[in-house]
Amino acid sequence: MSYDGILLGMGNPLLDISAVVDQKFLEKYNVKLANAIVAEDKHLPMYDELASKYSVEYIAGGATQNSIRVAQWMLQIPGATSYIGCIGKDKFGEEMKKNSKLAGVNVQYYEDETAPTGTCAVCVVGGERSLIANLSAANCYKSEHLKRPENWALDISSLLAFHHYSFRLLLYVLSSQPKVIFLSWTVEKAKYFYVAGFFLTVSPESIQLVGEHVVAQNKIFAMNLSAPFICEFFRDVQEKALQYVDYVFGSETEARTFSKVHGWETDNTEEIALKISQWPKASGTHRRVTVITQGKDPVVVAEDGKVTLFPVILLPKEKLVDTNGAEKPMEDCVKAGCYAANVIIQRSACTYPAKPDFED
């Protein structure tokens, strides 16, 4: 099986501004510990204060982009992962492109000329982090970018017209530069798609397009609940997207919020995971699998009417730095996810060593 462009992520690319702060800093901006929110006007001075008063680290981030970078790191297969989203035409956008490509991810950003690249304040207190996202350009993604021929489907005739090359010259270019970016991925080439719930606030049209494509082509679509406020305030678009989703990921807090919003009257994560897995699907080809994380407690996996618990890799609190951050049996997949999370929470923001030492 070819792994070229096999996994495609869509989301909100944000340049993480990560720093260790104190509780007073969070209180000043009315931010709760271990929360994830979208910035309001009262939060905007936070970014300059972080940069001027704290030792900060800049990292190409955003929920989906982080997940795709980690997937690329775990796979260690050149060209396996791709990512799209919107950035601004500025220095932060250039930094984002450079960092993502160094991570091995094939990024194809839509560049907005009117808004700056989005940022995310990552405020770390005692190993726990709070995320305050200022979407800016990330909020400007348009589904028209997704539908462009060079992004949706590989069409040699349109590429010939676009580049004004003779066929012989095009063949020469392809043979001498096998990593020509406009040929490295398309929506139609991808077999697996991943979207964080945050993208529901930006381009539900793009999610709808991919969902319909996934059902028609018998592919796999995964989505994360992402944050309690997504379940609360974007219920309609979340429900519309869920009909296409084969794998639902979330934390116990998000799962309980989802349960409350839908009137299920249960806080039991196993029951909630099972109910989400039984949510109506547009296609019956794949049964939905729901994966709920519970911090140090076992990962809950619900599929085919059954719930299975998988232990996590326990980590001493003194080693905790920052919580930010191929077809195999379910047990191997969960073990791989737990391994990656265990590595990343021992490092600042969503970073990792050059190569994983995971053995399945």
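Under 4.0 Å is where a charged nitrogen must lie from a carboxylate oxygen, and between Asp246 and Arg288 no such pair does. With respect to the salt-bridge test (charged N to carboxylate O, under 4.0 angstrom), the residues Glu271 and Lys275 do not qualify. Using a 4.0 Å cut-off between charged nitrogen and carboxylate oxygen, Glu95 and Lys98 count as a salt-bridge pair.
Residue Ile68 comes nearest to Ser82 through the heavy atom pair CG2-O, 3.8 Å, listed as atom of the first residue, atom of the second, then distance. Minimum heavy-atom separation, Ala227 to Phe198: CB-CE2, 3.8 Å. Residue Ala60 comes nearest to Asn66 through the heavy atom pair O-OD1, 3.6 Å, listed as atom of the first residue, atom of the second, then distance. Minimum heavy-atom separation, Gly305 to Leu274: C-CD1, 3.6 Å.
Between the side chain of Lys97 and the backbone N or O of Tyr109 there is no donor-acceptor pair closer than 3.5 Å. One N or O on the side chain of Ser226 and one on the backbone of Gly197 form a donor-acceptor pair closer than 3.5 Å. Judged by distance alone, the side chain of Gln243 and the main-chain N or O of Lys240 form a donor-acceptor pair under 3.5 Å. Between the side chain of Lys281 and the backbone N or O of His286, at least one donor-acceptor pair lies under 3.5 Å. Counting only distance, with no hydrogens or angles, the side chain of Thr290 and the backbone of Val248 share no donor-acceptor pair below 3.5 Å. For Ser283 (side chain) and Thr285 (main-chain N/O), a donor-acceptor pair under 3.5 Å exists by modelled atom type. Looking at His213, its side chain never comes within 3.5 Å of a backbone N or O of Leu209 through a donor-acceptor pair. Listed for the Ser203 side chain is no donor-acceptor partner under 3.5 Å among the backbone atoms of Phe199. Remark: the backbone N or O of Leu146 is paired with a side-chain donor or acceptor of Tyr141 at under 3.5 angstrom.
Between the side chains of Ser100 and Gln65, at least one donor N or O lies within less than 3.5 Å of an accepting N or O. Using a 3.5 Å distance cut-off with no hydrogens or angles, the side chains of Thr114 and Asp112 do pair a donor with an acceptor. Side chain to side chain, Asn30 and His43 fail the donor-acceptor criterion of an N or O pair below 3.5 Å. Side-chain atoms of Tyr29 and Glu49 form a donor-acceptor pair, as typed in the model, at a separation below 3.5 Å. Side-chain polar atoms of Thr117 and Asp90 form a donor-acceptor pair below 3.5 angstrom. Side-chain contact check for Thr269 and Gln294: at least one donor-acceptor pair (N or O, by modelled atom type) lies under 3.5 Å. Checked by atom type, the side-chain pair Thr81/Gln72 shows a donor-acceptor distance below 3.5 Å.
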- Query: Given Leu8 and Lys189, is the side-chain contact (heavy atoms from CB on, under 4.5 Å) satisfied, shown in steps?
  - Reply: CA-CA 9 Å; Leu8 172 60; Lys189 178 181 282 189; over 6 Å; no
- Task: Verify side-chain contact (heavy atoms from CB on, under 4.5 Å) between Tyr47 and Asn134, making sure each step is shown before the conclusion.
- Result: CA-CA 9 Å; Tyr47 303 92; Asn134 183 19; 3.3 Å; yes
- Message: Between Val38 and Thr201, is the side-chain contact (heavy atoms from CB on, under 4.5 Å) condition met? List the steps.
- Response: CA-CA 10 Å; Val38 174; Thr201 72; 5.9 Å; no
- Assess whether side chain to side chain donor-acceptor pair (under 3.5 Å) is satisfied between Asn224 and Tyr194, documenting all intermediate values. CA-CA 8 Å; Asn224 202 305; Tyr194 176 74; 3.3 Å; yes
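Connection of Leu309 to Tyr247 is not established within any shared hydrophobic cluster, with ILVMFWY side chains joined at heavy-atom distances below 4.5 Å, either directly or through further cluster members. Residues Leu75 and Tyr83 fall within the same hydrophobic cluster, defined by Ile, Leu, Val, Met, Phe, Trp and Tyr side chains chained together at heavy-atom separations under 4.5 Å. In the hydrophobic clustering of ILVMFWY residues, with side-chain heavy atoms under 4.5 Å counting as a link, Phe92 and Ile17 come out together. With hydrophobic clusters built from ILVMFWY side chains whose heavy atoms lie under 4.5 angstrom apart, Val261 does not share a cluster with Ile272.
Between His145 and Trp152, the ring center distance fails the sub-6.0 Å criterion.
Between Val187 and Phe193, some side-chain heavy-atom pair lies under the 4.5 Å cut-off. Between Met96 and Val107 the shortest side-chain heavy-atom distance does not fall below 4.5 Å. Side-chain contact check for Tyr110 versus Ile87: every heavy-atom pair is 4.5 Å or farther apart.
Under the side-chain hydrogen bond (donor to acceptor under 3.5 Å, both in side chains) criterion, Ser259 pairs with no residue at all, not counting sequence neighbours.
Leu7 contributes atom CG, which lies 11.5 Å from atom CG of Asn106 (distance to the nearest 0.5 angstrom).
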